Amino acid sequence: MSRTTVFRLHRTATLALLMAGAVVAAGCGRSNARLGETGDAAQRVYVAPGKYDEFYAFLSGGFDGQVGVYGLPSGRLLKHVPVFSQSTENGWGYSEQTKAMMNTSYGFVPWDDAHHPQLSQTAGVPDGRWLFINGNNTPRIARLNLTLFETEEILEIPNSGGNHSSPFLTENSEYVVAGGRFSVPAPQRDVSIDDYKEAFSGMLTFAKVDSATGHMAIAFQIRMPAFDYDLSHAGKGPSHGWSFFTSYNTEEGNTKLEVNASQKDKDYIAAIHWKQAERCVAEGKAKTEPARYAHNLMGEDGIARTDWGSSTKVLSPADCPGLVYFLPTPKSPHGVDVDPSGEFIVGNGKLAALIPVHSFSKMLKAIADKAFAGEDHGIPVLKYEATIAGEVQNPGLGPLHTEFDGKGNAYTSMFLSSEIVKWSLKDFKVIDRVPTYYSIGHLMIPGGDSRKPWGKYVLALNKITKDRYLPTGPELAQSAQLYDISGDRMKLLSDFPTIGEPHYAQALPASILKDRQLKMYPLAKNADPYAAKNEKSTRMDRKGAVVHVRMTMVRSHFMPDKLEGIQVGDSVFFHITNLEQDWDVPHGFAVLGANNSELLVMPGQTRTLVWIPSRVGVFPFYCTDFCSALHQEMQGYIRVSPKGSPVAIKWNSPSYHAPGDSAAATATGHGTK
Ligand code: K7E
Ligand code: CUA
């Protein structure tokens, strides 16, 4: 949730709970009762110089649209990966090869609100191949390649609004899911907002993930009642084949939801039997409906391209019996989390005074016994008593999310009372609680939503830091806090600030990833049509007002580095190939007057920046990445003449021959205009 909604929720929920006679525990400002126990905290998070962290952690950037990669336990920031965002650090989203990643049916959208990273899984365990993450505002799912730490694919989700219950993949990464927080008319059309109940749909999308390549494709969408589908998790083990989505606003209000969506005592967790959906789709029960959406994929040649989708298969629960059941769940549930055994489905009712735990086996039995409390929009509603395994009593206030340690314990974040509460999956009794600073949203245990958590730490992802860091104007740092959970009692180890608002995070042992990193792109395999794979093939070509410059970079010079014959208003495409074949030797490229970005070009890679000179003169360009002792010498000049100037194209590399030079005919033939 955003900070503003957080504050609002804080107010209304506190009010509601006060009226209900609940005691509000002190959250912000409380002293750390366990300070004495954390005397060795510094040692526990200290990673000596030259040593590696034990875990890679991937934190969503929230409204910053990126993923932050941190080492745990140190909390050191290792990388900032642009996803639904442009990056001036490396030209992501500005270079010609990456621009298409931002394409959507709404045009070029270089921003989004990214909440939920999900590591790909095999047999319910993170396998370190890919990281998926949702974009909320312009509904999308992105896939990062974890040998590159780079975004490789972005799939737009049509018929959706606020893609929040996403991507929450199934246990062999068969599907990533996308549920809309905001129901919308689907297909979009001009209707009165007052016709919400009739004209709006909730849409739950299942995108198939190719097991070899990771490529996503929309398999089917399920048209649901116009509720707000907030979060999701897939079943695992015995519950594999099902996905669970929380919903709020089952009241179907279309205004002032803070009141109108809090009327009912219970909303639902929607249990989706996606294996049944597969059968219904195979039997032709889905309708093909027009839908325009972008599918952006990085090609093997390092160039992103967009394929346009034109339709999706839409399933209605009425046409596919056994597809959807509603599990009544108290008070506008937020997170839904499935324990490592796959048996327990935990609802986190943000306004509820308890944590309901549903049983998957009881759910199946209730379905078989038709233990229905009724129907809602034709969808069977199971009896609460028939599916509930137990309730965690007096857990704290404002439960949002739950993770698991793999040792029979669950950990729930309490937004209002600012704490993590540890409880037992055996008897649903609270075992321990520890304050967080402050207003925790998600929490994360490495592998903590998988079948095999590495239950050594829990990371609290906090919304508000108040007095925790040096103040920085109106906007204060957002923060993660690391707790040791290896013993019986949780112990706070450290705080570290994060980039953007961290919502969810995922982590896995560094040993899974660290030896799989691509060190360089093989130059011989560079298939960019404008690559210059050696200095001899560098050159300039003019076609009308477009000039293509094929340039190389290697320690410590550009080739060519003296360019003439450019005119004001030309579109100059700098296609720059890094000839290095060594690890960690990117070169940068910046030119005076560039209106977009610099470039960082990885060894063996070609990247293209467009520069449109606006004035006459001679402009320097240089390498921005300190690559060698002669890095400061890695520079050049480009001369810009008035429009229509007789100054001919000219460059200083072996491919250039002056016009009239007899060798010119045998050279590129592009030496003149
Ligand atoms: Cu709880 Cu977007 Cu997963 Cu934030 S959400 S906290
Ligand atoms: Cu190349 Cu600095």
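Just follow the structure's listing: the first ligand is 1, and inside any ligand the first atom is 1. When a residue number appears, it is its place in the shown sequence, counting from 1. Just so we're clear, the structure is a prediction, and the values are computed from it rather than from any experiment.
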Original post:
Are K463 and ligand 1 in contact, using a heavy-atom cut-off of under 4.0 Å?
Top reply: yes
Subject >> Metal check, atom 3 (Cu) of ligand 1 vs H442 N/O/S, cut-off below 2.8 Å >> reply: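 A backbone or side-chain N, O or S atom of H442 is under 2.8 Å from atom 3 (Cu) of ligand 1.
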**OP:** Give a yes or no on whether the ring-centroid distance for W454 and F55 is below 6.0 angstrom.
**Re:** no
**OP:** Please find out if less than 6.0 Å separates the ring center of H442 from that of H115.
**Re:**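 Centroid distance H442-H115: not below 6.0 Å, so no.
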Which atoms from ligand 1 have a heavy atom of [X] less than 4.0 Å away?
X: H116; value: 2 (Cu), 3 (Cu), 5 (S)
X: H164; value: 2 (Cu), 3 (Cu), 5 (S)
X: H334; value: 1 (Cu), 5 (S)
X: G441; value: 6 (S)

Subject >> Given N134, N136, D230, D113, the one that forms side chain to side chain donor-acceptor pair (under 3.5 Å) with H164 >> reply: D230
Original post:
Which heavy atom of S417 sits nearest a heavy atom of L397, and at what distance?
Top reply: OG-N, 2.9 Å
Subject >> Non-hydrogen atoms of E535 and P654 that approach each other most closely >> reply: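 Between these two residues, the closest heavy atoms are O-CD, 3.8 Å.
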**OP:** Taking the six-membered ring of Y248 (Phe, Tyr or Trp), confirm whether the NZ or CZ of K350 is under 6.0 Å from its centre and within 45° of its axis.
**Re:**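 Judged by the rule, K350 and Y248 form a cation-pi pair.
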**OP:** For the pair Q481 (side chain) and A460 (backbone), establish whether a donor and an acceptor sit closer than 3.5 Å, ignoring hydrogens and angles.
**Re:**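 Not at all, since once roles are kept as given, no pair shorter than 3.5 Å links the two residues.
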Original post:
Is there a donor-acceptor pair closer than 3.5 Å between any side-chain N or O of E251 and the backbone N or O of K264?
Top reply: yes
Original post:
Does the pair R555/D582 count as a salt bridge with the N-to-O cut at 4.0 Å?
Top reply: yes
Subject >> Contact partition for L461 relative to ligand 1, non-hydrogen atoms under 4.0 Å >> reply: neither
Subject >> If only protein N, O or S atoms under 2.8 Å count, total around atom 2 (Cu) of ligand 2 >> reply: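 Total protein N/O/S atoms under 2.8 Å from atom 2 (Cu) of ligand 2: 4.
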